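I have placed the structure first, in the form of C-alpha cells, so that the comments after it can refer back to it.
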Amino acid sequence: MTRQVLLLNSDKPEVLRALADRTDLRIRVITRKAYAGLYTGWETAFVDSFEDLSQVERAAYELVRGGPFDHVVAATEKSIVPAGLIRSLLGLPGPTFDQSLWAAHKRAMKARLRSAGLPVADFEQAATVDGIPHAARRIGWPVMVKPVFGSGSKCTYRLDTEAEFTERLRSGGFDDLAARRVPIQVERLVDFLGEYHCDGVVRGGRVELAAVSRYFIPPLHTPTAYNSGYVIAQDSPFAKEVLALHAEAARALELADGVTHLEVFETAGGPVIGEVAIRPGGLGISGMWRHAFGVDLWEQFVRAALDEPSGPAARPRRQGTVGRTQLPAREGVRERALAMPGVIEALSAEQSGTGNVEVYFAAPGPEEAHRMIGRLHTLGEPQ
C-alpha cells in the first residue's frame with residue numbers, strides 16, 4: 001500500500017537521498033520557490049518562510065486536498081515547529097506542536113529541560129533588541145543573545161556589559177537580529193572548557209544508539225567553512241555523563257521516535273546543556289557517524305518519521321578516532337585532502353550540500369585528530 005508523506009524541506013540533500021527510489025511512498029512537498037527545481041514532478045506547495053505558520057498551514061491544507069497524509073517529515077530546523085503544527089491540526093503521528101516547540105524554541109526548550117532538573121544556563125526572553133539590557137540585568141552579565149528560533153550561530157552575539165550593548169546597538173550591530181522579528185533569547189554566558197555534541201537514535205521512547213563527539217573549535221568561534229570535530233572515547237567519565245544527560249533530555253521532550261542532536265558544554269562543575277534538536281546534526285556530523293559506526297542518521301531519521309523499523313544495527317566502531325571537517329570549496333582542495341594519509345572520504349561542495357568540501361578521516365587518537373584537523377585547515381587557505 002502506498003503511504004502518503006508530507007515533506008517540509010529546503011535543499012537538504014540527505015533527506016532526498018534517504019527518500020530516493022521509494023516507490024512505496026507518495027511524497028508531497030512544502031518548500032520555498034527557490035528550491036522548486038529540486039522537486040520537479042512532485043506535488044509541491046510554496047511558502048516564503050517556514051517561520052510564517054499561517055502560510056505553512058495554508059500550504060498543508062492545499063496539498064491535503066489530494067488525499068490525507070500518513071506521515072510528516074521535517075528535514076530542517078526551521079520546519080520542525082510548522083511540522084508539529086500540521087501534525088496537531090491533522091491528527092498525525094509524530095512530535096506534536098508542543099513537543100516541536102520544546103525542540104526548536106529556545107526559551108520553551110530551556111524551560112522544559114530545567115523543569116526536568118537538567119543543567120542549563122540561566123535565561124530570560126526579550127521581546128525585542130531594546131529589551132536585552134533588562135533581561136541581562138535579571139540574570140547577570142555577560143550574556144549570549146540569539147533569536148528564539150534559529151540554528152547554528154546565526155545572529156548570535158556575546159555581550160559583556162551594558163555599555164557594549166549600547167555601542168553595538170548604535171553601530172547597527174543588531175540589525176540582523178532585529179530583522180528576524182522574533183523574540184530574543186538572553187542567556188547567562190557559560191564559562192566552558194570545551195564544547196561537545198551527543199547524537200542519538202530514539203525508538204519507542206528508548207535511546208537505541210548514542211555517541212558523544214567534541215567540536216575542534218566551538219562553532220561560535222569558527223567559520224562554518226571550517227566547522228570540525230571528532231568522536232571521543234565513549235567509556236570516558238565525561239562521555240558517560242553526557243550520554244546520561246542525552247537520555248534524560250529525550251525523556252523530557254517526550255520523544256517517542258526520532259534522531260537527536262544535543263549540544264553540551266564541559267564546565268568545571270560538569271556538563272551543561274546548550275540546546276537540543278530532534279533532527280540530525282549538520283555540517284558532516286551524520287557522515288562522521290556513518291564512517292564511525294556504519295549508521296546513516298538521515299536514514300534513521302526518515303525511518304523514525306515513517307514509523308518503520310530502525311534498520312541494521314551499528315557495526316563495531318572503527319578503530320582510532322574518526323573525525324570530520326568542512327573546508328572552503330577552493331580549486332584543488334578536495335583533491336589535496338584525498339591525498340592526505342588518514343582521509344577516508346572527501347565530498348565536493350555539490351555532494352555535501354553545504355557549499356563546502358566535507359572531509360572525513362581516521363586518526364590513532366584525539367591528539368592526532370587535532371593535528372589532522374589543523375593540517376586539513378591549511379588546505380583551505382588561499383594558495
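Quick note: numbers below take in every heavy atom, side chains included, and nothing from hydrogens, waters or symmetry partners. Worth saying up front: this structure is predicted, and the values here are computed from it rather than measured. Counting from 1, the numbers follow the sequence of the chain as shown.
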Distance alone, cut at 3.5 Å: any donor-acceptor contact between the side chains of [X] and [Y]?
X: E57; Y: Q55; value: no
X: R26; Y: Q4; value: yes
X: H261; Y: E263; value: yes
X: E358; Y: Q326; value: yes
X: Y215; Y: N227; value: no
X: T321; Y: E368; value: no
X: Y196; Y: R214; value: yes

Looking only at non-hydrogen atoms, find the nearest pair between [X] and [Y] and report the distance.
X: S10; Y: Y39; result: O-OH, 2.8 Å
X: L8; Y: A83; result: CD2-N, 3.9 Å
X: A239; Y: V212; result: O-CG2, 3.8 Å
X: L243; Y: A211; result: CD2-N, 4.0 Å
X: R28; Y: P68; result: NH2-O, 3.5 Å
X: P328; Y: V357; result: O-CG2, 4.2 Å

SB check [X] [Y] (cutoff 4.0 Å):
X: E187; Y: K110; answer: yes
X: D296; Y: R290; answer: no
X: E331; Y: R336; answer: no
X: D24; Y: R3; answer: yes
X: R58; Y: E62; answer: no
X: E124; Y: R107; answer: no
X: E51; Y: R181; answer: no

_Tell me if the centroids of the rings in F174 and Y157 come within less than 6.0 Å of each other._
yes
*Is the distance between the ring centroids of H291 and F361 less than 6.0 Å?*
no
Is there a side-chain contact between [X] and [Y] in this structure, where contact means two heavy atoms from C-beta onward sitting under 4.5 Å apart?
X: V15; Y: T76; result: no
X: L25; Y: L306; result: yes
X: F301; Y: V73; result: yes
X: V259; Y: D199; result: no
X: L262; Y: H197; result: no
X: K106; Y: F123; result: no
X: L245; Y: I273; result: yes
X: P218; Y: F265; result: no

Supply the atom-to-atom distance [X] [atom1] to [Y] [atom2], rounded to the nearest 0.5 angstrom.
X: T222; Y: L220; atom1: OG1; atom2: CG; answer: 10.0 Å
X: W298; Y: S286; atom1: CH2; atom2: OG; answer: 7.0 Å
X: Y360; Y: I344; atom1: OH; atom2: CD1; answer: 10.0 Å
X: W42; Y: T31; atom1: CH2; atom2: OG1; answer: 10.5 Å
X: L193; Y: T267; atom1: CG; atom2: OG1; answer: 7.0 Å
X: D130; Y: I184; atom1: CG; atom2: CD1; answer: 8.5 Å

Would you check if the side chain of [X] reaches a backbone N or O of [Y] as a donor-acceptor pair within less than 3.5 Å?
X: R114; Y: V120; answer: yes
X: T156; Y: K154; answer: yes
X: Q99; Y: E254; answer: yes
X: R303; Y: P309; answer: yes
X: R32; Y: F46; answer: no
X: S115; Y: L113; answer: no
X: S79; Y: N9; answer: no
X: R334; Y: A346; answer: yes
X: E266; Y: V264; answer: no
X: T166; Y: E162; answer: yes

_Between I27 and L19, does the side chain to side chain contact (heavy atoms under 4.5 Å, CB included) criterion hold? Intermediate values first, please._
CA-CA 9 Å; I27 300 172; L19 290 168; 4.0 Å; yes
*Should the ring pair H377 and Y226 be called parallel, tilted or perpendicular, given that the plane angle runs from 0 to 90° and is split at 30 and 60?*
perpendicular
*Show your working on salt bridge (Lys or Arg N to Asp or Glu O under 4.0 Å) between R112 and E248 and close with a plain yes or no.*
CA-CA 11 Å; R112 184 70 182 181; E248 292 178 41; over 6 Å; no
_Heavy atoms of other groups near R138 CZ, more than 12 under 6.0 Å_ =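 At most 12 heavy atoms, drawn from other residues, nucleotides or ligands, come within 6.0 Å of this atom.
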*Enclosure of D191 CG (heavy-atom neighbours >12, cutoff 6.0 Å)*: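 Atom CG in D191 is not crowded, with 12 or fewer foreign heavy atoms closer than 6.0 Å.
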*Evaluate the side chain to side chain contact (heavy atoms under 4.5 Å, CB included) criterion for residues L63 and L6: first the C-alpha distance (whole Å), next the side-chain angles of each, then the deciding distance (0.1 Å), finally the verdict.*
CA-CA 9 Å; L63 289 173; L6 176 62; 3.7 Å; yes
_Run E345 and V359 through side chain to side chain contact (heavy atoms under 4.5 Å, CB included) and show every step you take._
CA-CA 6 Å; E345 183 181 28; V359 181; over 6 Å; no
*When S310 is tested against each of E299, R203, E208 for side chain to side chain donor-acceptor pair (under 3.5 Å), which residue passes?*
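Single pass found, and it is E208.
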_Verdict with reasoning, F293 to V231, per side chain to side chain contact (heavy atoms under 4.5 Å, CB included)_ = CA-CA 10 Å; F293 308 112; V231 181; 3.9 Å; yes
*Can you check salt bridge (Lys or Arg N to Asp or Glu O under 4.0 Å) on K146 and E275, steps first, answer last?*
CA-CA 12 Å; K146 61 191 81 172; E275 296 180 3; 3.6 Å; yes
